[in-house]
Structures are given as structure tokens and as C-alpha cells.
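A short worksheet on the structure shown next.
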Amino acid sequence: DAMVIQNPRYQVTQFGKPVTLSCSQTLNHNVMYWYQQKSSQAPKLLFHYYDKDFNNEADTPDNFQSRRPNTSFCFLDIRSPGLGDAAMYLCATSGRQGRGNNEQFFGPGTRLTVL
Amino acid sequence: DQQVKQNSPSLSVQEGRISILNCDYTNSMFDYFLWYKKYPAEGPTFLISISSIKDKNEDGRFTVFLNKSAKHLSLHIVPSQPGDSAVYFCAASPLKIIFGKGTRLHILP
């Protein structure tokens with residue numbers, strides 16, 4: 001089955017210790033997204049890639065970086081995690097960017113704990 | 001400032017009855033709306049959508065209604081089933097998807 005996979009499902013890191021979250025997809029979609037979701041909050045878009053074009057949201061902290069080495073994989077790097085970065089991180093893909101049918105397919109998420 | 005608002009954090013409905021989940025938005029430029037469903041420990045999954053040129057879209061037990069003048073949409077589930085218990089996110093899309101905070105739906109036996 002075509003799908004979006006996130007590894008690991010649970011990640012524990014220490015305050016200030018860099019961490020990388022991984023997302024892969026078998027849907028061959030052009031667009032990949034990273035969202036941050038804190039408890040009882042809406043998923044918040046951090047950035048997205050359209051193919052290799054990186055699009056950062058204006059309010060995404062510099063602490064968050066992303067890499068997309070190929071169509072299938074996308075990584076979220078948190079350079080110096082703070083306690084406030086503890087959240088669920090969702091990866092999503094879509095086959096198109098822009099107006100109209102913008103259905104996104106989500107992975108199961110990685111829950112990040114910062115000690 | 002929230003552009004997509006789901007004012008009910010939770011809703012309980014008897015099995016077999018109608019579930020109505022509500023959503024309000026503030027930006028009249030939004031032209032596409034989606035509902036996602038999320039089970040615990042899973043990512044959101046797409047449920048149903050509606051374009052702003054329509055006022056109703058139906059898919060089986062799920063119907064979404066859009067009232068553009070009121071900037072309001074609702075999701076109707078009828079009849080409600082135990083498997084419908086989940087968190088439902090309303091989302092709006094001008095170019096990117098903007099999510100509401102979600103409503104947790106409990107279907108009571």
C-alpha cells in the first residue's frame with residue numbers, strides 16, 4: 001500500500017541536543033510538508049517542499065531546518081531542542097501545490113519529548 | 001489569530017443519531033475546505049472536502065455543508081457509528097491548508 005512513513009514514532013532527546021526526524025513516502029508526490037502539533041492545538045505548518053523548492057513559513061523558528069535529498073525522503077532537523085519544542089511532528093504529502101484539491105496524506109507522526 | 005475555528009472541543013452523540021460538527025472561518029479568500037479524521041496514534045486522514053462554488057457535498061454517511069455568507073461549514077454524520085469516535089479537524093485552503101484545533105467526537109452505545 002502506498003503510504004507515508006515516519007521514523008521514529010517516539011523520540012526522546014535532551015535539551016539542546018540536536019535531533020532528526022525522518023519521513024518517507026511511496027506515493028511519489030511532489031509536495032512534502034512538516035507540521036508541528038501541540039496538545040489540543042491545530043497542526044501548524046512549519047515548511048514544505050515542492051520538489052526541491054523549499055518554502056519556509058514566516059513564523060518557523062530558525063532552530064528548525066529541513067532537507068529533502070530525493071522525492072521519497074524528507075527530514076526535519078531541530079538544531080537545539082527546547083522544552084517548548086516537545087510536540088507531535090506530522091509529515092504529509094500531496095500530489096499538487098496551490099489552489100483546488102489539496103488533499104494531503106499524513107504519516108502517523110513522531111512524538112518528541114525533550115528532557 | 002485563528003483563521004479556522006472549531007469552538008466545540010468535544011461532542012457526544014448516541015449511536016445511530018446524527019453528529020453535527022461545526023467550523024467557522026474568518027478569511028473570505030478561502031475557497032476550498034476539508035475535513036480530516038484522526039484516531040489516536042495515527043496521522044489525520046482525509047474525509048471529505050467542498051469547494052466554495054458548492055454549498056453541499058455528500059459521500060455516503062458524511063455530508064459537508066458550506067454557508068459562505070456566514071463563513072461557516074458543518075460536517076454531518078448520519079447515522080453515527082462507534083467507529084466514528086475520533087478527533088475531527090476542519091481545514092481551509094487558499095494555497096496551503098490551515099487547520100482548526102479539532103473536535104473530539106464520542107459515539108455513545
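The structure displayed is predicted, hence computed values, not measured ones.
- Residues A/F73 make up the rest of the hydrophobic cluster containing A/F75, defined by ILVMFWY side-chain heavy atoms closer than 4.5 Å, directly or through other members.
- Under a hydrophobic clustering in which Ile, Leu, Val, Met, Phe, Trp and Tyr are joined whenever their side-chain heavy atoms come within less than 4.5 Å, directly or via other members, B/I77 and B/F33 fall into the same cluster.
- Across B/G43, B/G102, B/P9, B/G100, the residue that shares the most heavy-atom pairs under 4.5 angstrom with chain A is B/G43.
- Hydrophobic clustering (ILVMFWY, side-chain heavy atoms < 4.5 Å, transitive): B/Y25 and B/V64 are in one cluster.
- B/K96 and A/L45 get closest at one heavy-atom pair: CD-CD2, 3.8 Å.
- Heavy atoms of A/R111 lying under 4.5 Å from chain B are absent altogether.
- Other residues, nucleotides and ligands contribute over 12 non-hydrogen atoms within 6.0 Å of the CG atom of A/N70.
- Contacts from residues 34-43 of chain A to chain B, taken as heavy-atom pairs separated by less than 4.5 Å, involve A/Y35, A/Q37, A/S40, A/Q41, A/A42, A/P43 in sequence order.
- With a 4.5 Å cut-off between side-chain heavy atoms of Ile, Leu, Val, Met, Phe, Trp and Tyr, the cluster of A/L115 takes in A/V12.
- The hydrophobic cluster containing B/I18, built from Ile/Leu/Val/Met/Phe/Trp/Tyr side-chain heavy atoms closer than 4.5 Å, also comprises B/I20, B/V78.
- For A/R9, the CZ atom is densely surrounded, since the number of other residues' heavy atoms within 6.0 Å is greater than 12.
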